[in-house]
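Chain letters run A, B, ... following the sequence lines, proteins first, then strands; residues in each count from 1.
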2 protein chains.
Amino acid sequence: MKPRARRGGGRPTIADVARLAGVGAITVSRALREPERVSESLRQQIQQAVEELGYVPDPNARALASARAEVFGVLVPSLTNNVFAEVVRGIYDSLSDSSFRVQLGNTHYSGLEEERLLQVFLSQRPAALIVSGIDQTATARKLLETAGCPVVQIMETGPEPIDMMVGFSHFEGGRTAVNHMIEVGYRKIGFLGARMDPRSQRRLAGYRAAMETAGLFDPRLVTTTPVPSSVTLGRDLFRDALAKMPSLDGVFCNNDDIALGVLFECHRASIAVPQTIGIAGFNDLDMMQVAFPSVTSIRTPRYEIGHRAVAMARAEIDGARPENRVVDLGFELKRRESTDRPKN
Amino acid sequence: MKPRARRGGGRPTIADVARLAGVGAITVSRALREPERVSESLRQQIQQAVEELGYVPDPNARALASARAEVFGVLVPSLTNNVFAEVVRGIYDSLSDSSFRVQLGNTHYSGLEEERLLQVFLSQRPAALIVSGIDQTATARKLLETAGCPVVQIMETGPEPIDMMVGFSHFEGGRTAVNHMIEVGYRKIGFLGARMDPRSQRRLAGYRAAMETAGLFDPRLVTTTPVPSSVTLGRDLFRDALAKMPSLDGVFCNNDDIALGVLFECHRASIAVPQTIGIAGFNDLDMMQVAFPSVTSIRTPRYEIGHRAVAMARAEIDGARPENRVVDLGFELKRRESTDRPKN
DNA sequence: GCTGATTTTGGTAGCGCTACCATTCGAATT
DNA sequence: AATTCGAATGGTAGCGCTACCAAAATCAGC
């Protein structure tokens with residue numbers, strides 16, 4: 001029977017390389033994946049044939065034959081939020097020295113969307129999965145538990161990892177920022193929050209804990225909205241908060257975008273920062289230290305989280321079962337001018 | 001011969017579905033990909049079997065058998081730059097109703113890295129490729145020309161598309177912004193630029209054209225650096241520019257990050273904006289309209305570029321050869337307070 | 001009712017690679 | 001010298017799916 005014309009458009013296959021190098025196909029496969037299992041001389045012959053033909057292995061065929069794709073599935077709630085962009089950058093950078101690909105999914109902060117994407121990702125049998133947060137739905141959790149590959153939950157840490165975790169405590173972050181504001185003398189400290197995803201909720205809880213401990217908590221100080229965060233929204237939230245409680249003397253913002261909106265509004269309304277109003281943000285974007293006045297914020301290890309998540313997953317793939325399944329990378333309070341209140 | 005134990009971990013295959021539905025495997029395949037070619041009754045039986053088993057097709061097997069992966073390869077120079085994050089979001093959103101996956105690559109503004117990633121992407125036989133800019137290396141261009149799939153160059157337009165293009169003129173954007181500043185009375189307008197990738201270069205060219213036409217060009221007005229852009233860098237560049245040319249009365253910034261750095265530095269140094277210094281940025285990030293004073297900028301259609309690129313590629317995949325191979329989505333000058341100079 | 005055209009369905013043979021097992025061969029052991 | 005062993009290499013049989021072709025079923029026209 002006449003062989004069918006090559007479907008693949010004439011790209012060289014492993015068989016072509018094998019023929020040119022005068023070895024069996026399987027030996028080429030091994031030379032490429034486990035060079036130490038092939039003798040020096042053959043390895044060189046094969047390497048030369050690969051280069052001569054410009055052979056690049058087909059990842060699809062590889063995945064099909066080995067029942068495992070060299071893919072890291074990554075689920076984040078947003079692609080444009082700078083925080084997750086940094087995490088994703090850390091992931092990509094940490095994988096650039098390997099042949100792993102990244103399969104990125106945007107859950108839009110939706111648990112259902114996360115389930116759906118998980119299902120899609122799983123159909124590829126990924127080498128590892130990285131998911132954001134620790135509040136997966138029960139269905140998603142079950143899918144992850146039976147995924148048969150390393151799973152890393154990122155951004156937060158918690159008591160019951162599906163497999164591994166890398167993050168920090170948003171609760172402590174919020175509490176630390178607010179404690180600092182209380183210490184330097186602010187009393188009527190408002191909380192401004194947008195989106196209010198689980199991590200925002202925990203920052204709010206940290207705020208509340210700090211305020212209650214100091215006997216300063218008042219529910220009217222809290223202003224939140226489910227609307228996605230933006231600088232514009234920061235301004236609007238601040239206006240609302242001030243209308244509700246004109247005696248406000250500080251704000252802890254859910255994130256830096258909101259803090260920036262507050263800062264701009266203070267400029268516009270000629271409200272002195274830090275004298276009349278103190279401002280603290282969360283994440284410590286580059287611009288916070290350049291702003292005028294510079295803005296106090298909680299520095300979070302975004303890039304490092306992506307990097308570490310990949311490192312842990314790769315260790316597991318390589319058979320070294322990491323001892324620490326849950327890694328807390330911490331955060332750092334950056335005290336700046338926006339809360340530099342002259343003690344009175 | 002005894003069949004080998006299932007490698008794939010027992011997930012249902014198309015054969016399982018076919019058996020349950022009492023049809024041939026190929027019919028299941030068709031029912032899933034081209035439902036109109038299968039009779040109504042069988043389609044329902046098959047659909048039911050699929051749901052009962054929780055069958056999800058294996059994309060790797062699909063890609064191998066059809067010599068074409070349902071993947072859009074996307075190459076961008078940066079993942080954290082908000083501009084590209086928006087483009088990528090547009091791409092993801094436009095593909096979310098399909099079974100296409102996205103394969104994202106970060107070129108780090110390097111032509112060589114772009115070539116390398118292209119090689120990797122091509123090994124998967126993607127359904128389409130989206131690449132940033134129009135300044136590919138000769139090697140990359142050749143790879144793209146022979147890719148055998150739709151190719152869309154984004155962000156810019158130019159005279160010689162590899163296949164299709166979606167973008168706008170950075171030259172005209174720069175010229176428009178600077179013309180506006182000249183019109184309202186600024187004379188010693190500096191150019192502040194970071195990174196200086198090809199698009200930045202063209203904005204600079206637009207700046208220069210506007211300045212020369214008005215007889216205002218002076219090379220000492222131009223301050224650039226190859227360093228990546230940031231708000232901090234904007235401040236530094238502005239300080240340099242001012243040191244070099246204290247009589248500066250305006251700046252056109254390569255992008256909004258830099259403009260924001262300038263704005264903050266003006267606050268800090270008590271330089272009146274727009275009276276003493278006028279500021280214009282590029283891209284029109286959300287925060288520019290909230291800043292105090294609000295900052296004039298060139299609004300660029302980032303999300304729309306991603307959306308349109310996907311639409312054009314999909315049209316081509318579906319066999320409808322789009323008439324317009326090069327689409328200019330334009331830009332819009334947003335006049336704001338930072339250049340609202342009182343006419344004198 | 002018959003013929004030819006047009007669906008609709010199924011069988012077979014791969015896609016390019018690797019798991020599994022078999023074979024070869026030289027070195028070490030007895 | 002015979003036996004054992006491990007390392008190096010190769011052959012075979014799929015992985016799960018679809019392209020291609022063939023067969024069966026349906027339809028239209030006379």
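Rounded to whole Å, atom C1' of D:dG16 lies 5 Å from atom CG of A:Leu64. To the nearest angstrom, P of D:dG16 lies 16 Å from CG of B:Leu32. A:Ile46 places its CD1 atom 12 Å from the C1' atom of D:dG10, with the value rounded to the nearest Å. Atom pair B:Arg62:CZ and D:dC17:P shows a separation of 8 Å (rounding to whole Å applied). As rounded to whole Å, 17 Å separates atom P of D:dA24 from atom CG of B:Leu42. Going from atom CZ of A:Arg125 over to atom P of D:dC15 covers 11 Å, rounded to whole Å. Atom CZ of A:Arg19 and atom P of D:dG10 are 14 Å apart (whole Å). Atom CD1 in B:Ile14 sits roughly 14 Å away from atom C1' in C:dG11 (whole-Å rounding).
The end-to-end axis angle of the helix from C:dG1-D:dC30 to C:dT30-D:dA1, rounded to 10 degrees and based on five pairs per end, is 30°.
At a threshold of 4.0 angstrom between heavy atoms, the contacts of B:Arg30 include nucleobase atoms, whether or not backbone atoms are also involved.
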Margin query: Would B:Arg101 and B:Glu70 count as a salt bridge (charged side-chain N to carboxylate O under 4.0 Å, His left out) here? Give the steps.
Written below: CA-CA 6 Å; B:Arg101 289 167 290 159; B:Glu70 290 198 292; over 6 Å; no
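Taking side-chain N and O atoms only, A:Ser29 has no distance below 4.0 Å to OP1 or OP2 of C:dC17. Distances shorter than 4.0 Å separate none of the side-chain N or O atoms of A:Thr27 from OP1 or OP2 on D:dT9. Between A:Arg11 and the phosphate of C:dC17, there is no side-chain N or O to OP1/OP2 separation shorter than 4.0 Å. Contact check, B:Arg37 against C:dG10: no side-chain N or O comes under 4.0 Å of OP1 or OP2.
Nearest nucleotide to the A:Ala61 side chain, out of D:dG10, D:dG16, C:dG16: C:dG16. With D:dT9, D:dA19, D:dG16 as the candidates, the nucleotide lying closest to the side chain of B:Ala65 is D:dG16. Minimum atom distance to the side chain of B:Arg33 is reached by D:dT18, of the listed C:dC17, D:dC17, D:dT18. Side-chain atoms of A:Ile26 lie closest to D:dG10 of the nucleotides D:dC17, D:dG10, D:dA19. Distances were taken from every side-chain heavy atom of B:Ser66 (C-beta onward) to each of D:dA19, C:dG10, D:dC17; the shortest belongs to D:dA19.
Closest-nucleotide positions on DNA chain D for A:Ala25 and A:Glu36 were compared, and the one nearer the 5' end corresponds to A:Glu36.
Atoms OG and CZ, on B:Ser94 and B:Arg89 in that order, are 10.0 Å from each other to the nearest 0.5 Å. Taking CG from B:Leu79 and CG from A:Leu104, the interatomic distance works out to 8.5 Å, rounded to the nearest 0.5 Å. Distance CZ/B:Arg302 to CD1/B:Ile154: 12.5 Å, rounded to 0.5 Å.
Minimum heavy-atom separation, B:Ile317 to B:Ala128: CD1-CB, 4.3 Å.
Within 6.0 Å of CD on A:Glu160 lie no more than 12 heavy atoms contributed by other residues, nucleotides or ligands.
Considering only heavy atoms from C-beta on, B:Val71 stays 4.5 Å or farther from B:Phe100 through its side chain.
Here the side chain of A:Arg68 pairs no donor or acceptor atom with the backbone of A:Ala63 at under 3.5 angstrom.
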